[in-house]
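Each ligand, and each atom within it, is numbered from 1 in the order the structure gives.
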Amino acid sequence: MNSKPGVDVQFLPSCLFCLSGAMEDVTGAQLVAEALKAQKVDYMFGVVGIPVMEVAMAAQAAGIKYVGMRNEQAACYAASAVGYLTGRPGACLVVSGPGLIHALGGMANANMNCWPVVVIGGSSDQKLETTGAFQEFPQVEACRLYSKFSARPSSLEAIPSVIEKAVRTSLYGRPGACYVDIAGDMVNATVDRSRVRFASCCPPPPVSLADHGAITEAISVLKAAKRPLVIIGKGAAYGRAETALREFVEMSGLPYLPTPMGKGVLPDDHPNCVAAARSRALLQADVVLLLGARLNWILHFGIPPRFDPHVKIIQVDLCAEEMGNNVRPAVALLGDINAIVTQLLMCLCKDSWKYTSDTEWWSSLKAKMSANSKMSKALALQSTGLMNYYTVFHHVSQLLPHDCIIVSEGANTMDIGRTMLNNYLPRQRLDAGTFGTMGVGLGFAIAAAALEKSENRGRRVVCVEGDSAFGFSGMEVETMCRYNLPVIIIVVNNNGIYSGVDLETWKEMAKMGDLTSIAPPVTLLPEARYDEVMAAFGGEGFLVRTVEELCEALQLSLRNWERPSLLNVLIEPSSDRKQQEFPWLTRSNL
Ligand SMILES: Cc1ncc(C[n+]2csc(CCOP(=O)(O)OP(=O)(O)O)c2C)c(N)n1
Ligand SMILES: *[C@@H]1O[C@H](CO)[C@@H](O)[C@H](O)[C@H]1NC(C)=O
Ligand SMILES: [Mg+2]
């Protein structure tokens with residue numbers, strides 16, 4: 001460990017006395033901020049109060065961008081999205097007790113998604129422990145279930161090394177959430193800088209390769225397959241395997257299917273993408289190359305009735321404990337996904353084998369894909385009064401730029417949107433994820449838009465929300481307006497959770513009796529003016545009822561780089577999904 005101050009402390013207002021002598025005192029708040037910066041944590045999202053106000057100010061002084069949010073849950077979602085998008089965790093700063101409790105939802109979501117995030121929680125003074133201090137709570141214990149690492153530095157001197165361990169643990173092995181507790185009385189306390197145990201920046205995780213014999217075996221299992229399928233998970237997106245993977249898919253000629261956030265690692269319109277024949281591909285594949293995806297509910301556990309009972313799984317994962325969950329793999333390839341795809345590629349190159357496109361399997365998949373896309377198109381063009389989901393997404397998909405970042409949550413809104421809104425680039429889809437969490441959308445969008453803004457990349461962030469989903473973190477529109485983040489929020493408003501009732505029916509119902517006794521639990525206020533929520537803070541709000549209004553509002557929003565917009569798209573409240581052979585993301589069917 002070397003001693004390396006992160007910033008020029010002479011310029012910190014709280015440290016003017018440093019100028020006078022050789023002794024250089026540093027506060028706990030400064031140590032936290034400088035340690036995060038030294039670990040290349042560049043973004044902090046939080047809500048300030050006692051005792052973390054000084055930490056937020058020190059973070060800004062240390063060169064960390066601080067985004068003040070309206071709820072810690074959304075702050076933690078945002079910080080974890082920075083981790084997923086950049087490969088370096090964002091920090092989430094929260095106050096003691098209730099602030100930390102709110103962040104637990106974000107930590108759980110990040111941990112389930114395997115995204116790195118570091119939560120810094122202020123806590124009550126050490127000397128007041130067990131006295132019933134203000135917001136006193138056993139925070140280190142509380143975080144244990146929601147994180148990989150949860151600890152409190154025992155002294156000011158130890159802060160940088162504990163932060164280094166939290167950042168490193170969030171990134172190494174399977175990424176996830178880490179928690180560092182800072183006692184209130186450590187925030188303003190000072191220590192001489194020379195006594196602090198500084199820690200240099202932890203390098204990216206070491207890369208490990210799969211066993212060579214296992215690679216050879218995987219290739220021979222693939223070559224023997226009659227109906228092979230590659231499944232691309234968000235682990236492949238996080239692992240930045242896109243270049244190797246593209247070469248592998250194109251050289252091998254294999255069909256592939258992305259998981260929801262695996263979308264875009266390879267473009268959704270690639271000729272080898274069989275997403276439009278998802279059910280058939282899963283059910284009939286005899287060999288599956290599983291790349292950075294878990295056989296959990298999203299992939300129906302890898303078992304019948306959704307998979308062939310004899311399917312051979314070639315499982316590629318960086319977590320040894322994941323191997324064999326629900327299905328024993330035919331071959332287990334443990335290690336870095338990008339490295340392993342490269343290993344597979346090298347092995348394949350040797351004899352230039354290719355799965356040809358004239359097989360029965362390819363014909364069967366292609367037939368199913370064209371039938372399914374005809375059905376969606378027919379639903380999109382149905383014209384009876386209000387729009388349905390398919391109409392909305394059909395027109396939205398035609399207007400969105402190819403490089404836009406799509407954030408999405410809801411039930412029907414997310415499920416149907418996923419099938420109709422294409423991703424062409426990796427890590428550009430963020431959604432309710434493995435934990436199925438509603439409320440993540442606005443935090444994710446804020447994180448993505450903040451990154452775009454500070455890195456001058458100019459990709460659009462579009463947030464496609466169900467009306468219920470929007471409500472969970474709706475006040476974050478103020479955050480978007482405050483920082484001039486030009487997010488476009490499209491609320492697909494069906495007056496409820498899964499479905500709702502129309503305004504007339506609602507009024508009739510209200511006359512019939514107490515709504516708490518008779519209103520269907522799925523209902524939300526019909527035609528609620530979510531657009532006015534955005535307008536209240538100076539953003540652009542649009543109320544949309546027709547295709548023409550939708551296209552016009554979206555085009556105007558896409559041209560507006562100054563401010564966020566919200567399109568409140570009223571759709572048929574009983575609009576539903578097309579008939580599914582199997583209910584999918586809304587229900588697990590073990
Ligand atoms: C935190 C959380 N609370 C509750 C749920 C249960 N839930 C699943 S989807 C959903 C909302 C669906 O309604 P909406 O967002 O309006 O989308 P729609 O299906 O109506 O298009 C809810 C509340 C959840 N997944 N997460
Ligand atoms: C730190 O000191 C400032 C200035 O005296 C004070 O306002 C703040 O409440 C203190 N913070 C803590 C956590 O004690
Ligand atoms: Mg809804």
**OP:** Scan Phe45, Tyr84, Trp115 and name whichever one has a ring pair (Phe, Tyr, Trp, His ring centres under 6.0 Å) with Phe444.
**Re:** Trp115
Original post:
Can you list every pair that meets side chain to side chain donor-acceptor pair (under 3.5 Å) and has a residue in residues 101-111, with sequence neighbours left out?
Top reply: Glu72-His102, Asn109-Thr437
Original post:
Protein N/O/S atoms under 2.8 Å of the Mg ion (ligand 3)?
Top reply: Asp467 OD1, Asn494 OD1, Gly496 O
**OP:** Distance to 0.1 Å, residue and atom name: give those for the protein heavy atom nearest to atom 1 (C) of ligand 2.
**Re:** Asn188 ND2, 1.4 Å
Original post:
Who gets closest to atom 7 (O) of ligand 2 by heavy atom: Met53, Glu54, Met186?
Top reply: Glu54
Original post:
Counting from 1, what ligand 1 atoms have a heavy atom of Asn494 closer than 4.0 Å?
Top reply: 20 (O)
Subject >> Interatomic distance, Met509 atom CE to Thr523 atom OG1 [nearest 0.5 angstrom] >> reply: 5.5 Å
Subject >> Point-to-point distance, once rounded to the nearest 0.5 Å, from CG of Leu554 to CZ of Phe542 >> reply: 9.0 Å
**OP:** Answer yes or no: is there an ion pair linking Glu164 with Arg197, defined by an N-O contact shorter than 4.0 Å?
**Re:** no
Do ligand 1 and [X] have nitrogen or oxygen atoms that lie under 3.5 Å from each other?
{"X": "Ala411", "answer": "yes"}
{"X": "Tyr498", "answer": "yes"}
{"X": "Met438", "answer": "yes"}
{"X": "Ala469", "answer": "yes"}
{"X": "Ser499", "answer": "no"}

Original post:
Looking at atom 22 (C) of ligand 1, would you say a protein heavy atom lies below 4.0 Å from it?
Top reply: yes
**OP:** Return yes when Asp467 approaches ligand 1 closer than 4.0 angstrom through a heavy atom, no otherwise.
**Re:** yes
